[in-house]
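The first residue in the sequence is number 1, and the count goes up from there.
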Amino acid sequence: MSEETANDGAQPLDQGILHGLLGRQLRVTHLAVFRTIEDQLAGIGITPQQFGLLVIVDRNPGARQTLIAKARGLDKSTLVPMIDRLERDNLLERRPLATDRRIRAIWITERGREVLRQAEPIVQKGDDLIRAQLSDAELAELVRLMGKVRKGLGVPD
């Protein structure tokens with residue numbers, strides 16, 4: 001038997017140190033939730049990242065790209081293509097800032113609001129799947145601990 005076929009699914013692979021790494025545990029959990037929501041959002045034509053961007057722009061109409069990037073924890077090279085796509089799909093639009101026409105502010109369109117209204121229950125359902133596994137006390141403790149980890153890493157809430 002070759003090395004490639006020696007473990008063809010009969011037993012799980014030994015992952016050594018990986019299993020005990022907290023970062024890996026967070027990532028595996030994040031991916032499981034993300035993929036569930038991603039699959040559902042695909043039906044309305046957006047990604048979880050785009051959902052987050054639509055929420056920020058909807059709640060902060062006319063915000064500058066730099067502020068949006070900071071709020072989403074993205075750099076400009078990641079944000080601009082996302083805005084380009086959402087603008088092309090008529091979900092967002094760039095408008096000149098009233099006080100400085102060289103600067104573009106970002107606005108959600110009516111179509112963007114409609115997609116957001118469709119997406120919110122999908123995302124909430126994914127969040128509910130997580131919550132259903134935890135008691136209220138466990139949920140509060142998980143949120144507290146994740147905040148503590150972020151703070152220790154210097155990541156703002």
Sort and list the pairs that fulfil salt bridge (Lys or Arg N to Asp or Glu O under 4.0 Å) and have at least one residue in residues 49-71, not counting sequence neighbours.
D58-R113

What is the distance from atom CD1 of I46 to atom CG of L91, rounded to the nearest 0.5 Å?
7.5 Å

Please collect all salt bridge (Lys or Arg N to Asp or Glu O under 4.0 Å) contacts where either partner lies in residues 24-45, sequence neighbours excluded, each pair once.
none

ILVMFWY cluster, L54 and L67 together (side-chain gap under 4.5 Å):
no

Salt bridge present between E87 and R85 (N-O < 4.0 angstrom):
no

Using a 4.5 Å cut-off on heavy atoms from C-beta on, say whether the side chain of L41 contacts that of T47.
no

Do V149 and V155 share a hydrophobic cluster, counting only Ile, Leu, Val, Met, Phe, Trp and Tyr and linking them when any side-chain heavy atoms are less than 4.5 Å apart?
yes

By side-chain contact (heavy atoms from CB on, under 4.5 Å), A63 pairs with (sequence neighbours left out) N60, I68

Side chains of Q65 and R94, donor plus acceptor under 3.5 Å
yes

Residues E114 and Q118: side-chain donor-acceptor under 3.5 angstrom
yes

Are more than 12 heavy atoms, taken from residues, nucleotides or ligands other than L153, located less than 6.0 Å from that residue's CG atom?
yes

Check for me, please, whether L139 and M146 land in the same ILVMFWY cluster - side-chain distances under 4.5 Å, paths through other members count.
yes

Let me confirm one number: the CG-CG distance from L92 to L53, rounded to the nearest 0.5 Å.
5.5 Å

R117/E110 ion pair, N-O < 4.0 Å:
yes

Side-chain (T36) to main-chain (G126) donor-acceptor, under 3.5 angstrom:
no

Listed once per pair and sorted, the ring-ring contact (aromatic ring centres under 6.0 Å, His included) pairs that draw on residues 32-68, sequence neighbours left out:
H30-F34

Do T66 and L79 have side-chain heavy atoms sitting under 4.5 Å apart?
no

Can you name the nearest heavy-atom pair linking G52 to R72, along with the distance?
C-NE, 3.7 Å

Step-by-step side-chain contact (heavy atoms from CB on, under 4.5 Å) determination, R104 to R95
CA-CA 5 Å; R104 299 288 181 175; R95 298 182 198 160; 5.7 Å; no

Mind checking whether T78 and D75 have side chains closer than 4.5 Å, heavy atoms only?
yes

hydrophobic_cluster_shared for I130 and I122, side chain cutoff 4.5 Å
yes

Stepwise salt bridge (Lys or Arg N to Asp or Glu O under 4.0 Å) check, D127 with R131:
CA-CA 6 Å; D127 201 63; R131 292 171 184 273; 2.6 Å; yes

Summary of salt bridge (Lys or Arg N to Asp or Glu O under 4.0 Å) pairs that have at least one residue in residues 135-155, sequence neighbours excluded:
E141-R144, R150-D157

Report the hydrophobic cluster partners of I103, with the cluster defined as I, L, V, M, F, W, Y residues connected by side-chain heavy atoms closer than 4.5 angstrom, directly or transitively.
L97

Run the numbers on V33 and L129 for side-chain contact (heavy atoms from CB on, under 4.5 Å), then give the verdict.
CA-CA 9 Å; V33 172; L129 288 172; over 6 Å; no

Closest heavy-atom contact between G62 and A105?
O-CB, 3.2 Å

CD1/I83 to CD/Q50 distance, rounded to the nearest 0.5 angstrom?
11.0 Å

Test your reading of the model: is there a side-chain donor-acceptor pair from R111 to the backbone of D89, 3.5 Å cut-off?
yes

Check whether any side-chain N or O of Q25 sits under 3.5 Å from a backbone N or O of H19 as a donor-acceptor pair, and report yes or no.
yes

Give a yes or no on whether L21 and L31 share a hydrophobic cluster (residues Ile, Leu, Val, Met, Phe, Trp, Tyr; joining criterion: side-chain heavy atoms under 4.5 Å apart).
no

Among I37, V55, L116, D128, the one residue meeting side-chain contact (heavy atoms from CB on, under 4.5 Å) with V123:
I37

